[in-house]
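None of the values given here were measured: they were computed from a predicted structure.
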Amino acid sequence: MFRQTVTRIYGVLVAVFVLAGAVVAVALASGSQLPTVRSASNATLKTNVVVNLQGRTLYALSPETSKHLLCKTKACFGFWPPLTVSSAATKLKVGSAVQGRLGLVRRGSKSFQVTLRGMPLYRFAGDHGRDEAHGQGIESFGGRWHAVTASSVAPAHPMQPSTTPAAPAPEPYATSAPIPSAPATTTTQSTPAPTPPPTTTTTTTPTYTYPY
């Protein structure tokens with residue numbers, strides 16, 4: 001009786017482990033294909049934009065298309081790194097909230113740029129975190145850059161360019177030597193001239209001789 005009970009318990013544990021392994025395998029298989037791009041709400045632009053796996057805003061250059069590339073120089077790639085994959089056989093997956101089809105355009109022998117709705121996708125070197133869109137509205141390299149919206153329909157209110165606060169004006173350089181102050185004005189009181197002593201007038205009485 002005891003042996004039968006142990007056998008049943010062992011069989012149940014084996015079945016549980018097998019079932020758990022199958023669930024984990026299915027979860028890993030379904031989660032192995034991460035979305036190439038996804039949607040995220042951008043507080044600055046007040047709309048949902050397309051971002052990469054790290055949550056960085058993705059941009060497109062208007063009027064560039066996959067058949068008419070404008071950003072083709074190292075200088076452009078320095079400011080606007082393209083979203084690329086290493087092989088044309090890479091399986092692309094679009095996030096559930098992003099409208100449109102993904103594609104690839106060759107950028108080199110071992111580099112392929114991802115496109116969405118026919119627009120090559122880029123990051124902006126001036127963005128350093130999520131929810132940033134400092135590249136919005138910049139005009140350079142033959143066109144105007146704009147954050148790619150998750151919806152294929154243009155927003156009712158045009159997205160405004162991101163404003164970056166101006167750097168404070170530098171403080172004036174300090175002089176190595178103190179600026180000499182103006183000499184103090186010394187007031188000298190002049191000594192009054194001595195008053196001459198009063199003149200004494202002596203009246204001489206004339207002497208008269210009287211006859212006696």
Side-chain angles (χ1 to χ4, degrees), residues 28-167:
L28 290 176
S30 61
S32 60
Q33 180 64 31
L34 296 175
T36 308
V37 297
R38 59 184 180 85
S39 172
S41 176
N42 188 284
T44 303
L45 302 179
K46 297 179 175 57
T47 189
N48 292 333
V49 298
V50 180
V51 299
N52 63 3
L53 291 178
Q54 291 73 35
R56 301 291 184 88
T57 303
L58 294 175
Y59 298 84
L61 177 60
S62 180
E64 184 183 61
T65 65
S66 58
K67 296 181 180 180
H68 178 61
L69 298 176
L70 297 176
C71 184
K72 299 182 289 184
T73 63
K74 290 183 179 181
C76 186
F77 293 160
F79 288 102
W80 305 93
L83 177 65
T84 60
V85 294
S86 58
S87 173
T90 302
K91 293 183 179 180
L92 304 177
K93 182 179 180 180
V94 66
S96 59
V98 178
Q99 298 180 356
R101 297 181 60 180
L102 294 176
L104 293 174
V105 58
R106 182 184 291 273
R107 279 296 195 173
S109 59
K110 297 181 179 180
S111 180
F112 298 85
Q113 185 174 7
V114 179
T115 65
L116 175 64
R117 302 192 290 266
M119 300 180 294
L121 301 178
Y122 302 83
R123 291 186 297 106
F124 178 48
D127 292 343
H128 302 291
R130 301 184 180 186
D131 202 35
E132 293 186 2
H134 298 303
Q136 175 69 15
I138 293 179
E139 296 183 359
S140 63
F141 300 103
R144 185 183 182 91
W145 297 90
H146 61 89
V148 179
T149 57
S151 173
S152 58
V153 180
H157 301 285
M159 297 182 294
Q160 298 297 324
S162 175
T163 56
T164 303

For A97 against A150, the heavy-atom pair lying closest together: O-CB, 3.7 Å
Evaluation steps, side chain to side chain contact (heavy atoms under 4.5 Å, CB included), between V49 and L58: CA-CA 8 Å; V49 298; L58 294 175; over 6 Å; no
Chi angles and distances behind the side chain to side chain contact (heavy atoms under 4.5 Å, CB included) call for L45, H146: CA-CA 11 Å; L45 302 179; H146 61 89; over 6 Å; no
Distance in Å, T90 OG1 paired with L102 CG, rounded so as to fall on 0.5 Å steps: 12.0 Å
Disulfide bond (SG atoms under 2.5 Å apart): pairs with one or both residues in residues 34-96, sequence neighbours excluded: C71-C76
Main-chain N/O of M119 paired to S66 side chain as donor or acceptor, under 3.5 Å: no
ring-ring contact (aromatic ring centres under 6.0 Å, His included) contacts in which one or both residues fall within residues 77-112, not counting sequence neighbours: Y59-W80, W80-F124, W80-W145
Nearest heavy-atom neighbours spanning R38 and L53: NH2-O, 4.3 Å
Chi angles and distances behind the side chain to side chain contact (heavy atoms under 4.5 Å, CB included) call for S86, K110: CA-CA 6 Å; S86 58; K110 297 181 179 180; 5.9 Å; no
From CA spacing to verdict: side chain to side chain contact (heavy atoms under 4.5 Å, CB included), V51, R130: CA-CA 9 Å; V51 299; R130 301 184 180 186; over 6 Å; no
Nearest heavy-atom neighbours spanning L121 and Q113: O-NE2, 2.8 Å
Test item: E64 side-chain N/O and L70 main-chain N/O as donor-acceptor pair under 3.5 Å: yes
For R101, all residues meeting side-chain hydrogen bond (donor to acceptor under 3.5 Å, both in side chains), sequence neighbours excluded: none
Residues that N48 engages under side-chain hydrogen bond (donor to acceptor under 3.5 Å, both in side chains), provided they are two or more places apart: none
A75: partners by side chain to side chain contact (heavy atoms under 4.5 Å, CB included), with sequence neighbours left out: T73, F141
CZ on R56 to CD on E132, rounded to 0.5 Å: 7.5 Å
Residue pairs fulfilling disulfide bond (SG atoms under 2.5 Å apart) with at least one residue in residues 104-138, sequence neighbours excluded: none
Gap between atom CD of Q136 and atom CZ of R144 - 0.5 Å precision: 7.5 Å
Shortest non-hydrogen contact between A133 and N42, atoms and distance: CB-ND2, 4.0 Å
Residue among L83, N52, T84 satisfying side-chain contact (heavy atoms from CB on, under 4.5 Å) with V114: L83
G78 to A125 - nearest heavy-atom pair and separation: O-CB, 3.7 Å
Shortest non-hydrogen contact between A43 and D131, atoms and distance: N-OD1, 2.8 Å
